[in-house]
Amino acid sequence: MNDSPLQLTKREMHALATRRQVWIAIFAAGVVLGLAGPFGTDDVMRGLPRVVYWIVVATVGFFGGSAVSTLIAESLRGHLSRWPTVVLAGVGSGIVLTLALIAMNTAVFGPGFIDPALIVPLAINVVVISVIIGAAYVLMHGDAPAGALPSDATPQPPRILSRVPIDKRGRLYALSVQDHYVEVITDKGSELVLLRLADAMGEVGTTPGLQVHRSHWVATGAVAAAKRDGAKAVLTLQDGRDIPVSRTYLPAVKEAGLLPG
């Protein structure tokens, strides 16, 4: 059950929308822009309406740009390497944001507010800024924004992590079945994802690990201790969580060196 680029984009936007830090940053940016009154807005709007206007612009710009860049990056996954993906995501995001700005300004100020001769320079500026932001994100985080593809030579975070909130994305520890969900466990917490275990294991990427139970998969590097329990065994993860090993998977666990013979 692999999600489509649209579904992954929706999940990414939901994760961003539920983060308090994101809203604080958007609000702060909107207030600063509102007080500064760039692009002639200080001439046509008073203080409070201008601040509200720029908060709306900042909100639309952030979520609109993030959604478009994520959708493009996920659609290009497996087809292009990191930097072409970043550039195309930035261009697409910039074009959409330019159209959104034109539509917003036309609705608020009327069709005469934007000089038609300035639309192309505006679009170029927005596109360049979008590409620069995407490139800066890659350089800081080692990955393209919102799921864009890095080059094949760079180790990649497991795809399964794109399904969990940003603040819980970290080193993958384990996957555990909970009813119809899979609990994705990392060093930063855990999250339930509506997914089959088999599909979840298919998204762990190059993370070394193995299935140890019909309901559990563990990353070998996350195992802190192991002990026998009759014909079965128990693995203790670095976060203190115990994962049972069933009789069926005991030989594989021994072969992986997680349990003494």
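All figures in this text were calculated on a predicted structure; none of them were measured in a lab.
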Hphob cluster co-occupancy, I95 + L76, side-chain heavy atoms under 4.5 angstrom: no
Do F109 and L101 share a hydrophobic cluster (ILVMFWY, side-chain heavy atoms under 4.5 Å, transitive)? yes
Residue Q238 excluded, over 12 heavy atoms near CD under 6.0 Å: yes
What are the two closest heavy atoms between A222 and Y173, and how far apart are they? CB-CD1, 3.4 Å
Same apolar cluster (I L V M F W Y, side chains within < 4.5 Å links), V44/Y53: yes
Which label fits F63 and W23: parallel for a plane angle under 30°, tilted from 30 to 60°, or perpendicular past 60°? tilted
When the side chains of residues 208-215 are checked against the rest of the protein, which donor-acceptor pairs come out under 3.5 Å, sequence neighbours left out?
residue	atom	partner	partner atom	Å
Q211	NE2	H213	O	2.9
Q211	NE2	Y249	OH	3.4
H213	ND1	S215	N	3.0

In Å and rounded to the nearest 0.5 Å, what is the CH2 to CD1 distance from W217 to I185? 10.0 Å
Nearest-0.5 Å distance that lies between atom NZ in K227 and atom NZ in K232: 14.0 Å
Tell me, with the steps shown, if L197 and L175 meet side-chain contact (heavy atoms from CB on, under 4.5 Å). CA-CA 7 Å; L197 180 61; L175 305 170; 3.9 Å; yes
Report yes or no: do V22 and V31 belong to one cluster of Ile/Leu/Val/Met/Phe/Trp/Tyr joined by side chain heavy-atom distances under 4.5 Å? no
Mind running side-chain contact (heavy atoms from CB on, under 4.5 Å) on M13 and S66 for me, showing each step along the way? CA-CA 8 Å; M13 292 307 99; S66 297; 3.6 Å; yes
Any side-chain donor paired with an acceptor under 3.5 Å for E183 and S190? yes
OG1 on T186 to CZ on R171, rounded to 0.5 Å: 10.5 Å
Is there a side-chain contact between V184 and L195 (heavy atoms, below 4.5 Å)? no
Quick one: are V193 and V164 in side-chain contact, heavy atoms under 4.5 Å? yes
Taking all non-hydrogen atoms of both residues into account, name the closest pair between A233 and L250 and its distance. CB-CD1, 3.7 Å
Let me have the donor-acceptor pairs involving side chains of residues 125-134, under 3.5 Å, with sequence neighbours excluded, atom names and distances please.
residue	atom	partner	partner atom	Å
N125	ND2	P121	O	3.3
S130	OG	V126	O	2.9

Heavy-atom pair with the smallest gap, counting every atom of H216 and I243: CB-CG2, 3.6 Å
Note: A200 and V182 closest approach over all heavy atoms is CB-CG1, 4.1 Å
Same hydrophobic cluster for L237 and L258, using side-chain heavy-atom links shorter than 4.5 Å among ILVMFWY? yes
Using a 6.0 Å cut-off, check whether atom CG of D43 has over 12 heavy atoms from anything other than its own residue. yes
By ring pair (Phe, Tyr, Trp, His ring centres under 6.0 Å), Y181 pairs with (sequence neighbours left out) none
To the nearest 0.5 Å, what is the distance between OG1 (T98) and CD1 (I124)? 9.5 Å
From CA spacing to verdict: salt bridge (charged side-chain N to carboxylate O under 4.0 Å, His left out), R163, E203: CA-CA 10 Å; R163 299 179 181 272; E203 296 187 2; 2.6 Å; yes
Do other residues, nucleotides or ligands put more than 12 heavy atoms under 6.0 Å from K168 NZ? yes
Heavy-atom pair with the smallest gap, counting every atom of L88 and I72: O-CD1, 3.9 Å
Nearest-0.5 Å distance, CG of residue D42 to CG of residue L35: 11.0 Å
Heavy atoms, side chains only, cut-off 4.5 Å: are V57 and M104 in contact? yes
In terms of heavy-atom contacts, I26 and F62 come closest through CD1-CD2, 3.7 Å
Separation between CG (L161) and CD (E191), nearest 0.5 Å, reads 11.5 Å
V234 side chain near V245 side chain, heavy-atom distance below 4.5 Å: no
